[in-house]
Amino acid sequence: MITITVKQKEEKNHYIKVEGHAGYADDGFDIVCASVSCICITSINALISIDEECIVYTEDDGFLEVGIMKHDRVIDILVDNMLNLLESLANDYPEYIKILR
């Protein structure tokens, strides 16, 4: 199962951790894991292209940790969009993704 932990500070998202593997299908065929990876990597790349210092992140196999260091309208929209997409995926595949807030 993929567990996504989201922490807020002063009503803004400031920390996101994604860990685990969905186990929906065999490696290389797991559309749930691939979807989570795509959502996260695309969002991180968009954030970095706007401001390289707006986030810090660490990634490894089955692990992603993101600290949101700056907030503005665009950064917050991109982070919220990432979380909304992950939440939609979790609603579609509740046995494979859990979001903790």
Side-chain angles (χ1 to χ4, degrees):
M1 173 172 278
I2 296 173
T3 303
I4 300 166
T5 304
V6 180
K7 295 188 179 179
Q8 291 189 329
K9 188 177 195 177
E10 298 172 7
E11 297 183 23
K12 296 199 182 269
N13 297 308
H14 83 281
Y15 174 82
I16 301 163
K17 180 170 65 171
V18 181
E19 57 187 336
H21 292 281
Y24 178 81
D26 292 336
D27 288 353
F29 298 94
D30 194 323
I31 61 170
V32 177
C33 268
S35 297
V36 169
S37 293
C38 254
I39 291 167
C40 292
I41 290 168
T42 300
S43 299
I44 286 172
N45 287 340
L47 287 161
I48 290 171
S49 73
I50 291 169
D51 182 344
E52 290 182 4
E53 298 176 355
C54 73
I55 62 169
V56 293
Y57 69 97
T58 303
E59 63 178 314
D60 201 353
D61 183 41
F63 180 82
L64 172 67
E65 190 171 44
V66 181
I68 297 100
M69 309 307 289
K70 295 181 181 179
H71 294 277
D72 69 17
R73 182 179 172 279
V74 175
I75 291 168
D76 291 341
I77 287 171
L78 287 172
V79 171
D80 289 345
N81 183 66
M82 178 177 96
L83 293 172
N84 288 337
L85 290 168
L86 291 169
E87 191 167 314
S88 177
L89 196 59
N91 288 335
D92 290 343
Y93 297 94
E95 299 156 12
Y96 303 98
I97 304 173
K98 176 173 47 172
I99 299 180
L100 306 172
R101 293 186 185 257

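Along the sequence shown, residues carry numbers from 1. Side chains are part of it too, since the values below use all heavy atoms of this structure and drop only hydrogens, waters and symmetry mates.
Clustering ILVMFWY residues whenever any of their side-chain heavy atoms sit less than 4.5 angstrom apart, transitively, puts Ile41 in a cluster other than the one holding Val32. A single hydrophobic cluster is seen to contain both Ile50 and Val66, as judged by linkage of ILVMFWY side chains at heavy-atom distances under 4.5 Å, directly or through other members. With hydrophobic clusters built from ILVMFWY side chains whose heavy atoms lie under 4.5 angstrom apart, Tyr15 does not share a cluster with Ile48. If you chain together hydrophobic residues whose side chains sit under 4.5 Å apart, Ile44 and Phe63 never meet in one group. The hydrophobic clustering, which links ILVMFWY residues whose side-chain heavy atoms are closer than 4.5 Å, places Ile31 and Leu64 together.
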- Message: With side-chain contact (heavy atoms from CB on, under 4.5 Å) as the criterion, how do Asp60 and Thr58 come out once you've worked through the C-alpha distance, each side chain's angles and the decisive distance to 0.1 Å?
- Response: CA-CA 7 Å; Asp60 201 353; Thr58 303; 5.9 Å; no
- Message: Please evaluate residues Ile97 and Leu86 with respect to the criterion side-chain contact (heavy atoms from CB on, under 4.5 Å), reporting the C-alpha separation (whole Å), side-chain torsions for both, the decisive distance (0.1 Å), and the verdict.
- Response: CA-CA 9 Å; Ile97 304 173; Leu86 291 169; 6.0 Å; no
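Ile16 places a side-chain heavy atom less than 4.5 Å from the side chain of Val79. Residues Met82 and Leu78 have side chains not in contact (no heavy-atom distance under 4.5 Å, counting atoms from C-beta outward). Between Val6 and Glu87 there is no side-chain heavy-atom pair separated by less than 4.5 Å. Taking 4.5 Å as the limit, every side-chain heavy atom of Thr3 sits out of range of all side-chain heavy atoms of Lys17.
Rounding to the nearest 0.5 Å places SG of Cys40 at 8.5 Å from CD1 of Ile2. To the nearest 0.5 Å, atom CD1 of residue Ile75 and atom NZ of residue Lys12 are 10.0 Å apart. With rounding to the nearest 0.5 angstrom, the CD atom of Glu19 is 10.0 Å from the CD1 atom of Ile4. For the atom pair Asn84 CG and Ile77 CD1, the distance stands at 11.0 Å (nearest 0.5 Å). The CD1 atom of Ile55 sits 12.0 Å away from atom CD of Glu65, with the distance rounded to the nearest 0.5 Å.
Proximity of a side-chain donor or acceptor of Ser37 to a complementary backbone N or O of Ala34 within less than 3.5 Å is not detected. A distance-only check finds a donor-acceptor pair linking the side chain of Ser43 to the backbone of Ile39 [under 3.5 Å]. Remark: side-chain polar atoms of Asp26 are not paired, donor with acceptor, to backbone N or O of Phe29 under 3.5 angstrom.
Taking all atoms of both residues into account, the shortest heavy-atom contact from Met69 to Glu53 is CB-O, 3.6 Å. When all heavy atoms are compared, the tightest approach of Asp51 to Lys70 is OD2-NZ, 3.0 Å. Between His71 and Asn13 the shortest heavy-atom distance is CE1-O, 2.9 Å. The two residues Cys33 and Ala22 make their nearest non-hydrogen contact at SG-N, 3.1 Å. Taking every heavy atom of both residues into account, Glu95 and Met1 meet most closely at O-CE, 3.1 Å. Looking at every heavy atom in both residues, Cys38 comes nearest to Thr42 through O-OG1, 2.8 Å.
Surrounding OH of Tyr57 are at most 12 heavy atoms belonging to other residues, nucleotides or ligands under 6.0 Å away. Shown here is Asn45, whose CG atom has more than 12 heavy atoms of other residues, nucleotides or ligands within 6.0 Å.
For Tyr24, the ring-ring contact (aromatic ring centres under 6.0 Å, His included) criterion is met by Tyr93, Tyr96, not counting sequence neighbours.
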